[in-house]
Trainee: 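Pasting a structure here, questions to come.
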Amino acid sequence: MYKRYAVKLSNLIKDNKSILEVYQGHEYIKDDKIYVSDIYRPGLELTGYFDFYPAQRIQLLGRTEISYAARLDHDIRMHVFNKMATKATPCFLISRSLPVPKELSEAAEEADIPILRTGESTTYISSILTEYLRARLAKRTSIHGVLVEIKGMGVLLTGASGVGKSETALGLVQRGHRLIADDRVDAFQKDHNTVVGEAPKILRHLMEVRGIGIIDVMNLFGAGAVKSRTEIQLVINLVNWDPKANYDRLGFEENTRTLCNVPIPQVNIPVKVGRNIESIIEVAAMNFRAKQMGYDATQTFDNNLTSLISEHSKEDTNKEPHNDSDYLPTIYRYLL
């Protein structure tokens, strides 16, 4: 199920207060909302062309726009800025702490539109605000699972209800890792290859442990035990142990799970009494990181096996022919 969000202008200013200031119109900020992530730099509009003016975006004016506007006659500037100040416009933003044109100030005041200002460059502030808005306006999907960060890697724990996801996450937190979300994870696509997960507001920093109830992880373990969001890089699916099932012994199987239209690597880990699931998950995360860095233990084993078979084949050239599979039981004993 997907939902689309709006961002309050007051929250955008609050979350970026280190780089944004309200120049004019404090009283108009409270109820203003932003529905699109794109930032617009009005260029053709300053020349009077408004056929495709995206009024619903934040209007960003930098050195180019302000210097061009300064060359226009007063009446033309007034006309242009009045047309730019529509009911759909959330705010005007001036970069590089440039002076605000008097005509823009009057047009914004008349249309109840706030004017913001920043000391940052136009390109930089556009990039920062675009990324901020994309993260909060992206389509989200709710996933049943637990999201933790293990050694800087976002790991999503999934599995049937009662398999032990929350208890496993609690064990990982006690080992120094971070909790992002328990039970429900809100996931959204940051870019073509990246999915980010966070906790719903009502569940932030909270965890349900059967037999105990709801616990506040941040209060019990400190601020270092939680994090607001993280990129989902690996899915670990916990399944109840089935003695009849054939589980991957060598790691040749490569599974994925699609989240927000992005395929994410998935590992299936069987759960049963006596297995230290927290340690296994830690190793799974580190092994995945090693593969990303170019080292694959499975491939190393396969190369070693091929080399061993080749050596035995040379030694047995004058002996009775054999099948390469004759060597596999010996190799497998190293894994048991």
Side-chain angles (χ1 to χ4, degrees), residues 2-46 49-66 69 77-140 186 188-190 196 198 200-202 204 228-229:
Y2 290 96
K3 295 187 292 184
R4 199 165 189 85
Y5 295 88
V7 174
K8 291 183 178 180
L9 181 59
S10 58
N11 288 339
L12 179 140
I13 296 171
K14 179 182 176 181
D15 294 341
N16 297 278
K17 60 184 178 182
S18 63
I19 55 176
L20 292 179
E21 65 171 332
V22 181
Y23 174 82
Q24 174 184 309
H26 287 81
E27 64 273 24
Y28 309 135
I29 291 173
K30 183 178 180 181
D31 298 324
D32 276 5
K33 292 183 179 180
I34 304 169
Y35 296 92
V36 293
S37 60
D38 296 325
I39 309 297
Y40 187 68
R41 297 183 63 179
L44 288 174
E45 289 73 18
L46 293 175
Y49 184 79
F50 280 85
D51 286 3
F52 299 98
Y53 174 51
Q56 73 279 14
R57 303 182 190 178
I58 293 176
Q59 303 299 315
L60 173 61
L61 288 82
R63 181 180 294 163
T64 302
E65 293 78 17
I66 294 298
R77 280 201 302 269
M78 201 71 235
H79 172 72
V80 167
F81 287 136
N82 276 327
K83 291 200 69 173
M84 288 175 57
T86 72
K87 291 182 179 180
T89 304
C91 69
F92 291 102
L93 174 59
I94 311 298
S95 65
R96 297 182 180 274
S97 298
L98 294 167
V100 179
K102 180 181 177 181
E103 295 83 358
L104 176 60
S105 180
E106 293 176 359
E109 181 69 26
E110 186 175 345
D112 298 342
I113 299 173
I115 297 178
L116 310 182
R117 198 159 67 163
T118 179
E120 305 295 340
S121 69
T122 313
T123 302
Y124 177 76
I125 193 65
S126 177
S127 175
I128 290 295
L129 295 186
T130 298
E131 183 176 355
Y132 174 89
L133 290 172
R134 280 183 179 175
R136 284 154 183 79
L137 294 173
K139 291 182 179 180
R140 281 165 162 74
D186 283 347
F188 63 91
Q189 185 177 359
K190 182 179 179 181
V196 175
E198 61 185 5
K201 188 174 181 180
I202 193 174
R204 197 167 298 162
S228 59
R229 62 179 59 180

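All figures in this text were calculated on a predicted structure; none of them were measured in a lab.
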Trainee: Say you draw a straight line from CD1 of Ile34 to CG of Asn11; how long is it, rounded to the nearest 0.5 Å?
Mentor: 9.5 Å
Trainee: Could you report the tightest heavy-atom contact between Tyr35 and Ala6, atom names first, then the distance?
Mentor: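 Distance-wise, the nearest heavy atoms are CE2-CB, 3.4 Å.
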Trainee: Search all heavy atoms of Ser97 against all heavy atoms of Gly119 and return the closest pair with its distance.
Mentor: OG-CA, 3.3 Å
Trainee: Determine, step by step, whether Arg229 and Phe188 satisfy the side chain to side chain contact (heavy atoms under 4.5 Å, CB included) criterion, reporting the C-alpha distance in whole Å, the side-chain angles of both residues, the deciding distance to 0.1 Å, and the verdict.
Mentor: CA-CA 11 Å; Arg229 62 179 59 180; Phe188 63 91; 3.8 Å; yes
Trainee: Extract all donor-acceptor atom pairs below 3.5 Å that involve side chains of residues 12-19 and protein atoms in other chains or at least two apart in sequence.
Mentor:
from	atom 1	to	atom 2	distance (Å)
Asp15	OD2	Tyr132	OH	2.6
Asn16	ND2	Leu12	O	2.9

Trainee: I'd like to know whether His79 forms a side chain to side chain contact (heavy atoms under 4.5 Å, CB included) with Glu103, so could you lay out the CA-CA distance, the side-chain angles of the two residues, the decisive distance to 0.1 Å, and finally the verdict.
Mentor: CA-CA 9 Å; His79 172 72; Glu103 295 83 358; over 6 Å; no
Trainee: Can a donor-acceptor pair be found, under 3.5 Å and without considering hydrogens, that links the side chain of Arg140 to the backbone of Ala138?
Mentor: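 A pair under 3.5 Å: yes.
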Trainee: Would one find more than 12 heavy atoms of other residues, nucleotides or ligands at under 6.0 Å from atom CZ of Arg136?
Mentor: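 Correct, the count exceeds 12.
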Trainee: What side-chain donor-acceptor pairs closer than 3.5 Å can you find for residues 20-30, not counting sequence neighbours?
Mentor:
from	atom 1	to	atom 2	distance (Å)
Gln24	OE1	Ser105	OG	2.3
Gln24	NE2	Ser105	O	2.9
Tyr28	OH	Glu109	OE2	3.0
Tyr28	OH	Asp112	OD1	3.4

Trainee: Has the side chain of Glu106 got a donor or acceptor atom that lies under 3.5 Å from a matching backbone atom of Leu104?
Mentor: no
Trainee: At what distance, to the nearest 0.5 angstrom, does CD of Glu120 lie from OG of Ser127?
Mentor: 11.5 Å
Trainee: Once you round to the nearest 0.5 Å, how far does CG of Asp38 lie from OH of Tyr40?
Mentor: 11.5 Å
Trainee: Using the rule given for side chain to side chain contact (heavy atoms under 4.5 Å, CB included), can you reason through Thr122 versus Thr64, listing the C-alpha separation, both sets of side-chain angles and the distance that settles it, and then say yes or no?
Mentor: CA-CA 10 Å; Thr122 313; Thr64 302; over 6 Å; no
Trainee: Could you walk me through whether Thr123 and Ser126 pass the side chain to side chain donor-acceptor pair (under 3.5 Å) test, one step at a time?
Mentor: CA-CA 5 Å; Thr123 302; Ser126 177; over 6 Å; no
Trainee: Looking only at heavy atoms, which two atoms of Ala107 and Ala85 are closest? And how far apart?
Mentor: O-CB, 3.8 Å
Trainee: Keeping Arg117 on the side-chain end and Ile94 on the backbone end, is there a donor-acceptor pair under 3.5 Å?
Mentor: no
Trainee: With a 4.5 Å heavy-atom cut-off, do Leu129 and Tyr124 have their side chains touching?
Mentor: no
Trainee: If you measure from OG on Ser95 to CD1 on Ile125, what distance do you get to the nearest 0.5 Å?
Mentor: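 Result: 8.5 Å between the selected atoms.
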Trainee: Got a second to check how far Ile113's CD1 is from Asp32's CG, nearest 0.5 Å?
Mentor: 8.0 Å
Trainee: Check Arg204 with Glu198, please: is the shortest side-chain N to carboxylate O separation under 4.0 Å?
Mentor: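 Between Arg204 and Glu198 there is no salt bridge, as every charged N stays at least 4.0 Å from the carboxylate O atoms.
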Trainee: Below 3.5 Å, can you tabulate the donor-acceptor pairs from side chains in residues 50-63 to any protein atom, sequence neighbours excluded?
Mentor:
from	atom 1	to	atom 2	distance (Å)
Tyr53	OH	Met84	O	2.8
Gln59	NE2	Pro54	O	3.1
Gln59	NE2	Arg57	O	2.9

Trainee: Going from CG on Leu137 to NZ on Lys33, what distance comes out if it is rounded to the nearest 0.5 angstrom?
Mentor: 12.0 Å
Trainee: Hey, is Lys83 close enough to Glu45 for a salt bridge, meaning N to O under 4.0 Å?
Mentor: no
